[in-house]
Amino acid sequence: MMQDMLQQIAGGMTSMPPEQMHGHIDTMVQQAPQEHVQGAIDEALQALGPHGFGQSVTQAAQGMCPQQQQGLVGMLGQ
């Protein structure tokens, strides 16, 4: 199952609904060793560059309702 998820994500399955993609990623993160998860997150943040994370969050928040924005702020504050 894990291999199938990785192949779908790496293959750029653009037809995959976002909910399904998020579910796959959540499953992989829960099953992966913590040091692998931390390493992957570190690499992804470095790839975004010094302002990339902030820009990414800002772009995502623009499409959210006020309740979702508040939830995002709360999550980031933790």
### Query
Is the backbone N or O of Thr27 less than 3.5 Å from a side-chain atom of Gln30, with the two atoms forming a donor-acceptor pair by type?
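No: the side chain of Gln30 does not pair with the backbone of Thr27.
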### Task
Check whether any side-chain heavy atom of Gln38 sits under 4.5 Å from a side-chain heavy atom of Ile41, and report yes or no.
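No, side chains not in contact.
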### More than 12 heavy atoms of other groups within 6.0 Å of Gln69 CD
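Yes, because the 6.0 Å sphere around CD of Gln69 holds more than 12 heavy atoms from other groups.
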### Message
Please determine whether the number of non-hydrogen atoms from other residues, nucleotides or ligands lying under 6.0 Å from atom CD of Gln67 exceeds 12.
### Response
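No, because the 6.0 Å sphere around CD of Gln67 holds 12 heavy atoms or fewer from other groups.
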### Message
How close do Val57 and Leu72 get, counting heavy atoms only, and between which atoms?
### Response
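Looking at all heavy atoms of both residues, the closest pair is CG1-CD2, 3.8 Å.
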### Query
Looking at Phe53 and Leu45, what are the two nearest heavy atoms and their distance?
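What the structure gives for the nearest pair is CD1-CD2, 3.6 Å.
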